[in-house]
Amino acid sequence: MCRCRGFRGSSPGTRRSPAGRSAAPVRLGGVDPKTRNRIMAGVLVLMFLVVALASVLGR
């Protein structure tokens, strides 16, 4: 572990989310459960399509 000048360590106050920089966390608490389920199903399908496309292009 480098303690050099300019090294940006990871402390609880500076820890970033794995998704990268965002203005605010997405909160789906106030959304209707049926709508929330549709959103999450859409995200899951989109992720599946991205992985399938990557595997086809990776051959």
Transitive ILVMFWY cluster of L46, excluding itself - 4.5 Å side-chain cut-off: none
By the definition side chain to side chain contact (heavy atoms under 4.5 Å, CB included), identify the one residue from V50, L49, V43, V51 that meets it with M47. V43
CG of D32 to CZ of R38, rounded to nearest 0.5 Å, is 9.0 Å
Which residues satisfy the side-chain contact (heavy atoms from CB on, under 4.5 Å) test with S55, sequence neighbours excluded? none
